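All values below were derived from every heavy atom in this structure, side-chain atoms included, with hydrogens, water molecules and symmetry-related copies excluded. Fair warning: this is a prediction, and the values are worked out from it, not measured in the lab.
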Amino acid sequence: MFDSCLRRYYFHYYLSWGGWERQAPRIAREAFRLKRLTSLPLWRGQLVHYITTKVLASLRAKGRIPAFEAVSRYTLERFETQLEFSGSKKYLTEPKKKGGRLNIDWLALFEHEYDRPIPPEKLQKTKDECLTAMKGLLESEILAVIAESDTDSWAIENIDLAEFAQVFDFEGAKVFAKTDFMYRGADGTFNIVDWKTFSGKKSGGEKDGKARVQLGVYGYYAASILREPLSKIRMLEVNLLDGGATVEYSISDENIEEFYSHIRGGIDKLSSVLIKGDISRNEAGPPDLFPKIDNGLCRYCNFYRICRDENNPDRLP
């Protein structure tokens, strides 16, 4: 987001801050409302990730992989309930979290907020891909391997609490990581799993790209914070829309410095727009530091209303 549009980054992470408070400025409340909108592909990914955690929890509790019929039925129930929640704009009145737990049926689709129709074929495609992803998970080789591992070593992302799984200090900066799943293999390896739902892509389509760097940061965490030996760490990119096809990455003395540099560079980049670069204060500079750009996708941006809509008197200049 920082690299693609600084103004969107400003809206999402700074202007929206505190927007959940009734006494917050109107534009902050609007920015907070808009930042929580999601697209059909992101919704698909969120729903698949959530149900995957439930499959793993069931496997740990019962010792067997759930039947596809039960998982598909639950998937469709959540799909339809979330769609109705968003379509009726319940997100305007109902909180996303209650009692410290996420309301899993809470959803705010971009199209519903902006009153844009969703083509039926796109909605059906999203639903079909959710079911395909769950079938890919249940029939994947990696789930069978996981089922044979020691469940005491499992670390399942707790989406219900909507919290980051790992938080660690990096040279004075607090770094948040959100691993999907970790487990200890029967061979002693420490495995970090990232579930992917690349639509129309084969697994490994981002190899040596963003997925590799993302998993490399997780690997750095395992090596530097958990003190796992480099030779034992495995990072697994699993594409559930490709039958659970897996791409494995490793971490070594040669590339751990690369991932260290990625974290260091990210901190330097993001702090460049803070007042005096002070990450502990974490206060953004003036909006002029976050210029608008026109990359052809503005009409589909969550913040279109307060950024580009000339009919909106409350938009930020």
Side-chain angles (χ1 to χ4, degrees), residues 1-46 82 85-97 102-103 106-118 122 162-164 173-176 178 210 214 263 265-317:
M1 191 181 299
F2 187 99
D3 291 335
S4 63
C5 181
L6 276 171
R7 181 56 61 97
R8 181 176 183 177
Y9 178 83
Y10 172 71
F11 286 153
H12 190 95
Y13 289 104
Y14 291 100
L15 183 63
S16 68
W17 186 254
W20 55 86
E21 301 285 355
R22 290 181 181 273
Q23 64 271 25
R26 179 169 173 169
I27 194 167
R29 286 187 280 116
E30 182 73 350
F32 177 69
R33 169 180 168 180
L34 296 177
K35 74 172 285 185
R36 301 198 294 176
L37 300 179
T38 192
S39 64
L40 290 178
L42 285 176
W43 175 32
R44 175 195 65 208
Q46 290 169 3
Q82 291 181 11
F85 185 100
S86 178
S88 58
K89 296 190 177 181
K90 292 180 182 177
Y91 57 84
L92 297 177
T93 56
E94 295 194 22
K96 193 170 185 178
K97 293 181 73 174
L102 183 70
N103 175 3
W106 197 98
L107 178 68
L109 285 173
F110 173 89
E111 289 85 354
H112 290 151
E113 173 63 23
Y114 280 94
D115 296 318
R116 297 181 187 176
I118 303 176
K122 284 191 175 182
E163 294 177 343
F164 283 93
K174 185 179 289 187
V175 176
F176 298 86
K178 200 168 188 178
K210 290 186 291 184
Q214 175 193 359
I263 300 174
I267 292 170
D268 291 343
K269 179 191 292 186
L270 301 185
S271 62
S272 68
V273 293
L274 300 179
I275 293 177
K276 296 182 179 180
D278 188 345
I279 59 176
S280 59
R281 181 179 175 185
N282 195 23
E283 185 176 343
D288 290 348
L289 276 180
F290 303 86
K292 294 181 182 182
I293 64 169
D294 189 349
N295 60 9
L297 298 176
C298 292
R299 185 172 178 271
Y300 304 97
C301 174
N302 286 14
F303 302 103
Y304 177 84
R305 183 181 298 139
I306 59 174
C307 183
R308 292 286 183 178
D309 187 355
E310 296 181 356
N311 295 320
N312 181 13
D314 295 324
R315 73 187 179 98
L316 197 70

Kindly indicate whether the side chain of Gln82, heavy atoms from C-beta on, has any atom under 4.5 Å from the side chain of Gln46. no
Under the side chain to side chain donor-acceptor pair (under 3.5 Å) rule, collect the residues that match up with Asp294, sequence neighbours excluded. none
Looking only at heavy atoms, which two atoms of Ile267 and Val175 are closest? And how far apart? CD1-CG2, 4.5 Å
CA sep, side-chain torsions, deciding dist, call: Leu109, Thr38, side-chain contact (heavy atoms from CB on, under 4.5 Å): CA-CA 5 Å; Leu109 285 173; Thr38 192; 3.8 Å; yes
Testing the basics here: between Ile293 and Cys298, what is the closest heavy-atom pair and its distance to 0.1 Å? O-SG, 3.5 Å
Hey, does Ile118 have a side-chain heavy atom less than 4.5 Å from the side chain of Phe110? no
Salt bridge (Lys or Arg N to Asp or Glu O under 4.0 Å) with Lys96: which residues, sequence neighbours excluded? none
Partners of Lys269 by salt bridge (Lys or Arg N to Asp or Glu O under 4.0 Å), sequence neighbours excluded? Asp3
Check Pro317 against Arg7 and note the closest heavy-atom contact, atom names and distance. O-NH1, 3.3 Å
For residues Asn302 and Leu37, report the shortest heavy-atom separation together with the two atoms involved. ND2-O, 3.0 Å
Please check this pair: side chain of Arg315 against backbone of Arg308, looking for a donor-acceptor N/O pair closer than 3.5 Å. no
Taken in chain and number order and not counting sequence neighbours, the residues that satisfy side chain to side chain contact (heavy atoms under 4.5 Å, CB included) with Lys174 are Val167, Phe176
Quick one: side chain to side chain donor-acceptor pair (under 3.5 Å) partners of Arg26, sequence neighbours excluded? Asp314
Could you list all the ring pair (Phe, Tyr, Trp, His ring centres under 6.0 Å) pairs where at least one residue sits in residues 290-313, not counting sequence neighbours? Tyr10-Phe290, Phe11-Phe303
Going by salt bridge (Lys or Arg N to Asp or Glu O under 4.0 Å), name the residues that satisfy it together with Lys90, two or more places apart in sequence or in a different chain. Glu84
When rounded to the nearest 0.5 angstrom, what is the spacing between NZ in Lys276 and OG in Ser271? 15.0 Å
Tell me, do Leu270 and Tyr13 make a side-chain contact under 4.5 Å, heavy atoms counted? no
If you count every heavy atom of other residues, nucleotides or ligands that lies below 6.0 Å from Lys122 atom NZ, does the total exceed 12? no
Restricting to side chain to side chain contact (heavy atoms under 4.5 Å, CB included), what partner residues turn up for Asn103, sequence neighbours left out? Phe85, Glu94, Asp105, Trp106
Return all side-chain donor-acceptor pairs below 3.5 angstrom for residues 279-286, not counting sequence neighbours, or 'none' if the list is empty.
from: Ser280; atom 1: OG; to: Asp278; atom 2: OD1; distance (Å): 2.6
from: Arg281; atom 1: NE; to: Glu283; atom 2: OE1; distance (Å): 3.0
from: Arg281; atom 1: NH2; to: Glu283; atom 2: OE1; distance (Å): 3.1
from: Asn282; atom 1: OD1; to: Tyr14; atom 2: OH; distance (Å): 2.8

Closest approach of Arg8 and Cys301, non-hydrogen atoms and distance? CD-SG, 3.8 Å
Minimum heavy-atom distance Gly19-Ala24, with the two atoms named: CA-CB, 4.1 Å
Can you find a heavy atom in the side chain of Leu316 that is under 4.5 Å from one in the side chain of Glu30? no
Which residues satisfy the side chain to side chain donor-acceptor pair (under 3.5 Å) test with His112, sequence neighbours excluded? Ser86
For Asp309, salt bridge (Lys or Arg N to Asp or Glu O under 4.0 Å) partners two or more places apart: none
First locate atom CG of Leu289, then atom CD1 of Ile275, and finally report the distance between them rounded to the nearest 0.5 Å. 9.0 Å
Contacts of type side chain to side chain donor-acceptor pair (under 3.5 Å), residue Glu113, not counting sequence neighbours: Arg33, Tyr91, Arg305
